[in-house]
Amino acid sequence: MKRILVTGGAGFLGSHLCDKLIKEGNEVLCVDNLYTGSKSNIHHLMENKNFEFMRHDITFPLYVEVDEIYNLACPASPVHYQFDPVQTTKTSVIGAINMLGLAKRLKIKILQASTSEVYGDPEIHPQPESYKGSVSTTGIRACYDEGKRCAETLFFDYHRQHGLDIKVMRIFNTYGPRMNPDDGRVVSNFIVQALKGEDITIFGDGSQTRSFCYVEDNIEGMYKLMNSRDGFTGPVNIGNPGEFTMLELAKQIIELTNSKSKLIFFPLPQDDPMQRQPVIEMANKELNWKPKINLTEGLQATISHFQKLLF
Ligand code: NAD
Ligand code: UDP
Ligand code: UDP
């Protein structure tokens, strides 16, 4: 039995990861400062003898004894990471240094939840791991994008300088049950608006694209990456190559919820990427991974989660 640290374990992805690790027969130490996560995401685990929750901010040192680390702590929604941008960069950079220091002391494997945002507003489409990205250093998304890019640099320098065993995962837009309904991300916003019969808020003309991966597929990819062959570090893209415009997403959600909501248009936020789609050949070859759940199936599961939550 391994004792595994999950930072950001009370968040959307982190809580699903805690479930998966416990199901696989591990002990989980979930560390979270509850900035965007919540105890309700892990409520069902609190009585489990293999689960432990610690309220802690990873920008401060952490001395615990564990066998593996998944570093997920960081707000992921633009609304939340831009609310306190300095704290976002601190979480990504100082948080990474602390978790890498912990991994170095214990000589254990550490996985980083990086992001497709390292590609910025990409000029190459779709995006392979070799693409170096087009990121603003000064815009309103930079606190997150540059924080995550610096964290990747730190992971690779700890790997080269200290021989640390690292795994870096570039996550593309992921959705599913336990997304925070007030999160501000597009899938949760549209579903909540459609279910409440409110206007659907389209930013820009809605022609920008994203590729949406269902949470279960994402967690499977994350687990396979942590348990991949020795020496495989990534970075590796994990996402669903199905690409949709925000208008297509809105239409599909309106249909699936049978909603009478109308579309309403707002200006596109600064530096909002126009397109995004992962190349997943590396994940396929190295991890024998590809997503199994298409957008319609995933949206149906997410909609029924929100239906229960809201009504
Ligand atoms: P989330 O906001 O639901 O979860 C993040 C968790 O980290 C929250 O529980 C939050 O309270 C916690 N946290 C934030 N700052 C912390 C700190 N300083 N110390 C301790 N805990 C802290 O977001 P998510 O969607 O679950 O994302 C998890 C990770 O995956 C993030 O690192 C994010 O950047 C990455 N990611 C997610 C997506 C996605 O589409 N969901 C895409 C790309 C990357
Ligand atoms: N650290 C931690 N837990 C540990 C070991 C280290 O939180 O078990 C933090 C500590 O704050 C340190 C940072 O990780 O500053 C980086 O550690 P490293 O050993 O790389 O560098 P140091 O700053 O100790 O020289
Ligand atoms: N978006 C939108 N309406 C919303 C929220 C988001 O049109 O209510 C757009 C947003 O401008 C972006 C896309 O949806 O182009 C995805 O946004 P999200 O915040 O979910 O993720 P990210 O931009 O980080 O991929």
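Just follow the structure's listing: the first ligand is 1, and inside any ligand the first atom is 1. Residue numbers run from 1 in the order of the sequence given.
At the shortest separation from atom 3 (N) of ligand 3 among protein heavy atoms lies T201 O, 2.6 Å. The single protein non-hydrogen atom nearest to atom 2 (O) of ligand 1 is T36 OG1, 2.6 Å, given as residue, atom name and distance. Ranking protein heavy atoms by distance to atom 14 (C) of ligand 1, first place goes to C74 N, 3.6 Å. Ranking the protein heavy atoms by distance from atom 16 (C) of ligand 1 puts N33 OD1, 3.3 Å first. The protein heavy atom nearest to atom 19 (N) of ligand 1 is I58 N, 3.0 Å.
By the criterion of a heavy-atom distance under 4.0 Å, neither the backbone nor the side chain of F266 is placed next to ligand 3. Residue-level proximity to ligand 1 for Y175 is absent, since no heavy atom of it falls below 4.0 angstrom. With a 4.0 Å cut-off on non-hydrogen atoms, K90 does not touch ligand 1 at all. Heavy atoms of Q208 found under 4.0 angstrom from ligand 3 belong exclusively to the side chain.
For ligand 1, the polar-atom distance check finds no N/O of S116 at less than 3.5 Å from any of the ligand's N/O atoms. Where the criterion is an N or O separation shorter than 3.5 Å, residue side chain and backbone included, G37 meets it with respect to ligand 1. Checked against a 3.5 angstrom limit, the closest N/O atoms of R141 and ligand 3 fall inside it. At a 3.5 angstrom cut-off on N or O pairs, Y81 does not count as close to ligand 3. Looking at ligand 1, you won't find any N or O of N173 less than 3.5 Å from one of its N or O atoms. For ligand 2, the polar-atom distance check against N98 finds a nitrogen or oxygen pair separated by under 3.5 Å. Geometrically, ligand 1 and L72 share a nitrogen or oxygen pair separated by less than 3.5 Å. In terms of polar-atom proximity, defined here as any N/O pair under 3.5 Å, T59 makes no such contact with ligand 1. Every N/O-N/O distance between M246 and ligand 3 stays at or above 3.5 Å. For the pair V186 and ligand 3, the shortest N or O to N or O distance falls below 3.5 Å. Checked by distance only, ligand 1 and D57 come closer than 3.5 Å through their nitrogen or oxygen atoms. For ligand 1, the polar-atom distance check finds no N/O of I171 at less than 3.5 Å from any of the ligand's N/O atoms.
Residue Q87 has at least one heavy-atom neighbour below 4.0 Å for each of these atoms of ligand 1: 18 (N). Atoms of ligand 3 found under 4.0 Å from any heavy atom of I202 (numbered from 1 in listed order, with element): 7 (O). Set against the non-hydrogen atoms of G11, the atoms of ligand 1 under 4.0 Å away are 3 (O), 4 (O), 8 (C), 9 (O). Short contacts between ligand 3 and G184, defined as distances under 4.0 Å to a heavy atom of the residue, involve ligand atoms 5 (C). Listed by atom number, the atoms of ligand 1 under 4.0 Å from A10 heavy atoms are 9 (O). Proximity to Y35 (heavy-atom distance under 4.0 Å) selects the following atoms of ligand 1: 11 (O). Of all the atoms in ligand 1, the ones that sit under 4.0 Å from a non-hydrogen atom of K148 are 31 (C), 32 (O), 33 (C), 34 (O). Counting the atoms of ligand 3 from 1 in the order shown, those under 4.0 Å from a heavy atom of R276 are 22 (P), 25 (O). Every atom of ligand 3 is numbered from 1 in the order shown, and the set under 4.0 Å from a heavy atom of N189 is 4 (C), 5 (C), 8 (O). Taking a cut-off of under 4.0 Å to the non-hydrogen atoms of L34, the atoms of ligand 1 that pass are 11 (O). For ligand 2, the atoms lying closer than 4.0 Å to a non-hydrogen atom of P61 are 7 (O), 11 (O). Within the listing of ligand 2, atoms 13 (C), 14 (O), 16 (C) sit less than 4.0 angstrom from a heavy atom of I97. Of all atoms in ligand 2, listed by their number and element, those nearer than 4.0 Å to a heavy atom of K104 are 18 (P), 19 (O), 20 (O). Each of the atoms 21 (O), 22 (P), 25 (O) of ligand 3 lies under 4.0 Å from some heavy atom of N173.
Every heavy atom of Y81 sits 4.0 Å or more from the atoms of ligand 1. In this structure, G95 does not count as a contact residue of ligand 1, since none of its heavy atoms falls inside 4.0 Å of the ligand. The closest approach between any non-hydrogen atom of S114 and ligand 1 is below 4.0 Å. Residue contacts with ligand 1 include H56, since one or more of its heavy atoms lies under 4.0 Å from the ligand. Taking a 4.0 Å cut-off on heavy atoms, S77 fails to register as neighbouring ligand 3. In this structure, Y158 has a heavy atom closer than 4.0 Å to ligand 2. Using a 4.0 Å cutoff on heavy atoms, M179 does not count as a contact of ligand 1.
For E220 and K20, the salt-bridge test passes: some basic side-chain N is under 4.0 Å from an acidic carboxylate O. Electrostatic pairing of R178 and D183 does not count as a salt bridge here, judged by no charged N lying under 4.0 Å from a carboxylate O. Between E281 and K290 there is no salt bridge, since no side-chain N of the basic residue sits under 4.0 Å from a carboxylate O of the acidic one. With respect to E152 and R149, no salt bridge is recorded, no charged nitrogen being found less than 4.0 Å from a carboxylate O. Look at R141 and E117 and you find a salt bridge, because one of the NZ, NE, NH1 or NH2 atoms lies within 4.0 Å of a carboxylate O, short of that distance. Salt-bridge formation is not detected for the pair E68/K167: no Lys NZ or Arg NE/NH1/NH2 atom is positioned less than 4.0 Å from an Asp or Glu carboxylate oxygen.
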Intermediate values then yes/no, side-chain contact (heavy atoms from CB on, under 4.5 Å), I58 and N71: CA-CA 10 Å; I58 63 157; N71 187 37; 3.7 Å; yes
Run the side chain to side chain donor-acceptor pair (under 3.5 Å) test on Q82 and Y144 for me, step by step, so that the C-alpha distance in whole Å, both residues' side-chain angles and the decisive distance to 0.1 Å come before the verdict. CA-CA 8 Å; Q82 287 164 16; Y144 182 76; over 6 Å; no
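For the pair S188 (side chain) and V186 (backbone), a donor-acceptor distance under 3.5 Å is absent. Checked by atom type and distance alone, the side chain of T89 never pairs as donor or acceptor with a backbone atom of G147 at under 3.5 Å. Remark: side-chain polar atoms of T36 are not paired, donor with acceptor, to backbone N or O of P75 under 3.5 angstrom. The backbone N or O of S211 lies less than 3.5 Å from no partner atom in the side chain of N240, so there is not a single donor-acceptor pair. Judged by distance alone, the side chain of S261 and the main-chain N or O of E198 form a donor-acceptor pair under 3.5 Å. Counting only distance, with no hydrogens or angles, the side chain of N48 and the backbone of N50 share a donor-acceptor pair below 3.5 Å.
Test L102, V168, I69 against I110 for side chain to side chain contact (heavy atoms under 4.5 Å, CB included) and you get one pass: I69.
Counting non-hydrogen atoms of neighbouring residues, nucleotides and ligands closer than 6.0 angstrom, the CZ atom of F311 exceeds 12 such neighbours.
The heavy atom nearest to atom 37 (C) of ligand 1, out of those in I238, T174, V187, L13, is found in L13. In this structure, of F12, F60, Y144, the residue bringing a heavy atom nearest to atom 36 (N) of ligand 1 is Y144.
Expressed to the nearest 0.5 Å, how far CG of L17 lies from CZ of F12 amounts to 12.0 Å. The distance from the CG atom of N284 to the CH2 atom of W289 is 9.0 Å, given to the nearest 0.5 Å.
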